[in-house]
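Below is one structure; the comments refer to it alone.
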Amino acid sequence: KTLVIGAGGQIGTELVLALRQKKGSDTVVAADIKEHPSEALADGPYVQMDVLDRALVRNYIIENGVSEVYLLAALLSATAEKNPDFAWKLNMESLFTILDLGKEGCLKKIFWPSSIAVFGPTTPKSMTPQYTVMEPSTVYGISKQTGERWCEYYFNKFGVDVRSIRYPGLISYTSLPGGGTTDYAVDIFYQAKKRGTYDCFLSEDTRLPMMYMDDAIRATLELMDAPAEKIKVRSAYNIAGCSFTPAELTTEIKKHLPGFSISYQPDFRQAIADTWPDSIDDTQARQDWGWNEKYAVEELVTVMLENVDITKID
Ligand code: VAH
C-alpha cells in the first residue's frame, strides 16, 4: 500500500491521482488533516491524519501494511514566514516520524519534497548547480535544506531509501495552491479568466524557475521507479521546467486573452522571491535517471487557460 500524507495540498492531490492511475485506487491511501477529502480524492481510500501525531501515524502504517510514503505535509514559504515555530515543527517533525519508520524497516521507499527555496541570496542565481552554496534565508528554505541533510544522513547511516526533488514553482489547475511565493503564477490564470486583470504581488521582472505540474508528477514517479543504484543524490535533485517573469507570462496570456491587463504591487513575498535562483541546472537528474521536461511556458499557458475552473475562486 502507498500512503500520501498531505494529500489535500497542491502536489499531494495530483500525486494521489497519478498513483491511483498507476497502481489502482484501492492501494493508494490519501491522508490529510482535513476531516473530509476533496472531490478530487473521492475515488479511493481516505484517512484523516495529523502527521504530528507520531503514534497514530506509526500505528496506521504498520497496521495497514503501508510500504511506501509520499510526505507532502508542510507550510510553504509565505505562510511559514508568518508562522515560523509551527512551520519548523510541522516540516521537520513529520519528516523524522517517517524517516524513523524507514530506519525501523517498516517502509520500503519514502518520497519527500525539497524546493528551490533551499538556495539563498549567496547562491549563483543563473543555472544554479546541483552542488553549490546554500544559505537559505526563509524559514521554509531552512527547513528544506535541513530536511535534505537528514534524508541523506538516514540513507547513509541506516540505508533508508528516501528520495527527493527540489521542485521549482509548480503550476496546476486541479487543486488550488496555498501559501507559496510562486503562487502568483497560478492565481493569474484564475483572475485572467474571471476578471481579465490581475494585481501581481511580485515585480514584473522577477524571474523564477517554474514547472507545469504534469512534469513535476512525472519526475516524481520516474525518480521513485528508478533502480536504487542510479540514484547518486540522496539530498534532493535539481530539476528544471521553464523560467519566466510575470511580464513574460503576461505576454503569453495576451496571445489568448488580448484584453488581459496586469498591475504590480510587490508585497512581502518579493523579498522571498529575490533570494531564489532565476534558473536551475538539472544535468545530474538527466544523467542519473533520464529526467527531461516536456512543458514550455507556451504549452503551460494554453493548458492552464483551457482548464482552470473559475467557480473555484470567489
Ligand atoms: C513556494 N511553491 O512558493 C513553493 C515552492 C519554490 C517555491 O517551494 O513556497
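For ligands, and for the atoms within them, numbers begin at 1 and follow the listed sequence.
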With sequence neighbours left out, what residues match Y295 under ring-ring contact (aromatic ring centres under 6.0 Å, His included)? Y212
Same apolar cluster: W291 and Y237, side chain cutoff 4.5 Å: yes
Without swapping roles, check the side chain of D53 against the backbone of M49 for a donor-acceptor pair under 3.5 Å. no
Under 3.5 Å, N/O to N/O: give me all the pairs between ligand 1 and the protein, one per line with atom names and distance.
unit_1, atom_1, unit_2, atom_2, d
ligand 1, 2 (N), T182, OG1, 3.0
ligand 1, 3 (O), S77, OG, 3.4
ligand 1, 3 (O), T181, N, 2.7
ligand 1, 3 (O), T182, N, 3.2
ligand 1, 3 (O), T182, OG1, 3.4
ligand 1, 8 (O), S115, OG, 2.8
ligand 1, 8 (O), Y140, OH, 2.8
ligand 1, 9 (O), S77, N, 3.1
ligand 1, 9 (O), S77, OG, 2.6

Walk me through whether T13 and T174 qualify under side chain to side chain donor-acceptor pair (under 3.5 Å). CA-CA 8 Å; T13 301; T174 305; over 6 Å; no
What's the verdict on side chain to side chain donor-acceptor pair (under 3.5 Å) for E135 and T123, showing C-alpha distance, side-chain angles and the deciding distance? CA-CA 7 Å; E135 296 177 314; T123 304; over 6 Å; no
Could you walk me through whether D225 and K22 pass salt bridge (charged side-chain N to carboxylate O under 4.0 Å, His left out), step by step? CA-CA 12 Å; D225 288 343; K22 184 169 176 237; 2.8 Å; yes
